[in-house]
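Here is the structure we will look at.
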Amino acid sequence: MVDWTGRRVWLIGASSGIGLACAQALRAAGAQVTVSARHPQQVQAWATQDAGVRWLPLDVTRVVDVQAAAREVLASGPLDLVVYCAGYYKAQRATAFDLNQMLQHNEVNYQGALHVLDAVLPGMLAQQQGHISLISSVAGWAGLPNGLAYGPTKAAMTNLAETLYVDLQDQGIGVSVVHPGFVATPLTAQNEFEMPALITPAKAANEMLRGWARGQFDIHFPRRFTLWLKLLKLLPYRLYFPLVRRFTGL
C-alpha cells in the first residue's frame, strides 16, 4: 500500500496516541479516514475540521455496537484498511494479582479485535480485497515485569495476526501486525521507569506507513530497540530470566 489517495480506512482506538497519529498521517497521505474510539479526547475536534475524516464513537467491548458501526462504515463502500489500535494498559505484577484488571485487558486488547474481525471479515472475503493490521506490542514477545495483564493479550494479538496471515494470504486480503516499542502516549505515561528508545506517536505512525508501503507483515520499531528484544527472546530461559532481572531491576 503505497498510494493512499482515496483509500478508505477505518481506525479503531484512535482517540489519542498511536491511533490518532496514524489517522492523521493517513489523511495527510490522501486517505478517507473513519476514526472510532470510546472517548473523543483529541480526535473529535480534528475530525470535525476535515470532510475527509469521520468520527464514529465506539466501545469495542460491546459486540452489538461494533456490528452497528461496521454496517455504518461499510454502507459507503468496501474498506481498504482496517487498523485495530484499541488498547488498555495498567502495570501489574503477580504479587498484586487483580482479576478484574486481567479480564479488562483481555476484553479490550484481544476480544475487541475479535468483535471487529467478525464484523469486517465477511465483506473482505466476499470482495477478496482489503488489509487488516493489528497493533500488538513488543511486550507480547516474551514475559516482562509489570506486564502480567498486558503482555499476554499482546502475545495473543501477534498469534492471531500470524494465523490470519496464513489463512487469508490466498484470499486477496493482506494482514500485518505492528510491534511498537516505547511510544510517548497516555498509556506509557503511567510508567515510573526510564523507557529506552522512546519515540513520538508521529514517528510511530511514519514507521507504520513505511511498513505497509514495503508490504511487511511484522512492522516493529524503533529497530535500535526492537532488534535487541528479538535477540533476547531467542536465548534459553536460563539466560533470559537473569538478563531481564538485571536490565529492569525488577
Applying side-chain hydrogen bond (donor to acceptor under 3.5 Å, both in side chains), name anything that partners [X], two or more places apart in sequence or on another chain.
X	value
Gln44	none
Lys90	none
Ser76	none
Thr5	Asp3

Going by the ring pair (Phe, Tyr, Trp, His ring centres under 6.0 Å) test, which pairs reach into residues 38-88, not counting sequence neighbours?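 Only Tyr88-His105 qualify under ring pair (Phe, Tyr, Trp, His ring centres under 6.0 Å).
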For the backbone of Gly77 and the side chain of Arg8, can you confirm whether one donor and one acceptor N or O come within less than 3.5 Å of each other?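 A pair under 3.5 Å: yes.
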Given 3.5 Å as the limit, does a donor-acceptor pair link the side chain of Arg223 with the main chain of Leu227, or not?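 The answer is no, because no donor-acceptor pair under 3.5 Å joins these two groups.
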Please report the C-alpha distance between Leu117 and Leu164 in whole Å, then the side-chain angles of each, then the deciding distance to 0.1 Å, and finally whether the side chain to side chain contact (heavy atoms under 4.5 Å, CB included) criterion is met. CA-CA 10 Å; Leu117 287 170; Leu164 287 170; 3.9 Å; yes
So do Val166 and Val175 actually touch side chain to side chain, heavy atoms under 4.5 Å?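 In short, these two side chains do not touch, never coming nearer than 4.5 Å.
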Evaluate the side-chain proximity of Leu81 to Met1: yes if any heavy-atom separation is below 4.5 Å, no if none is.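 They are in side-chain contact.
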Scan residues 210-220 for pairs that pass salt bridge (Lys or Arg N to Asp or Glu O under 4.0 Å), counting only residues two or more places apart or in two chains.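 Sorted result for residues 210-220: Glu207-Arg210, Asp218-Lys230.
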Got a sec, which pairs hit salt bridge (Lys or Arg N to Asp or Glu O under 4.0 Å) with one end in residues 98-109, sequence neighbours left out?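 As it turns out, there is no salt bridge (Lys or Arg N to Asp or Glu O under 4.0 Å) pair with a partner in residues 98-109 once direct neighbours are skipped.
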Sequence neighbours excluded, which residues qualify as ring pair (Phe, Tyr, Trp, His ring centres under 6.0 Å) partners of Tyr110?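 Partners of Tyr110 by the ring pair (Phe, Tyr, Trp, His ring centres under 6.0 Å) criterion come out as none, since no residue qualifies.
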Please tell me whether Asp118 and Gln67 have a donor and an acceptor in their side chains that are separated by less than 3.5 angstrom.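 Asp118 vs Gln67: donor-acceptor pair found between side chains.
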Between Thr158 and His179, a side-chain donor and acceptor under 3.5 Å: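 Yes, a side-chain donor-acceptor pair sits under 3.5 Å.
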Any chance you could measure [X], atom [atom1], to [Y], atom [atom2], to the nearest 0.5 Å?
X	Y	atom1	atom2	value
Ser136	Ile219	OG	CD1	12.0 Å
Leu134	Asn109	CG	CG	12.0 Å
Tyr150	Tyr89	OH	OH	8.5 Å

Determine all donor-acceptor pairs shorter than 3.5 Å in which one atom belongs to a side chain in residues 9-19; sequence neighbours excluded.
unit_1: Trp10; atom_1: NE1; unit_2: Ser36; atom_2: OG; d: 2.9
unit_1: Ser15; atom_1: OG; unit_2: Gln41; atom_2: OE1; d: 2.7

Results of salt bridge (charged side-chain N to carboxylate O under 4.0 Å, His left out) for Arg62 - residues two or more places apart only: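 Once residues adjacent in sequence are excluded, the partners of Arg62 under the salt bridge (charged side-chain N to carboxylate O under 4.0 Å, His left out) criterion are Asp65.
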Can you name the side chain to side chain contact (heavy atoms under 4.5 Å, CB included) partners of Arg246, sequence neighbours left out?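 Arg246 satisfies side chain to side chain contact (heavy atoms under 4.5 Å, CB included) with no residue once adjacent residues are dropped.
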Could you list the residues that satisfy side chain to side chain contact (heavy atoms under 4.5 Å, CB included) with Asp167, not counting sequence neighbours?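 By the side chain to side chain contact (heavy atoms under 4.5 Å, CB included) rule, Asp167 matches Thr163.
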So Phe241 and Tyr237, would you call those rings parallel, tilted or perpendicular, with 30° and 60° as cut-offs?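 Judged by the thresholds at 30° and 60°, the geometry between Phe241 and Tyr237 is parallel.
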For Ala23 and Val35, work out which heavy atoms get closest and say how close.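 Answer, listing the atom of Ala23 first, then Val35: CB-CG1, 3.5 Å.
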Closest heavy-atom contact between Pro152 and Gly147?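 Scanning both residues completely, I find the closest heavy atoms to be CD-O, 3.3 Å.
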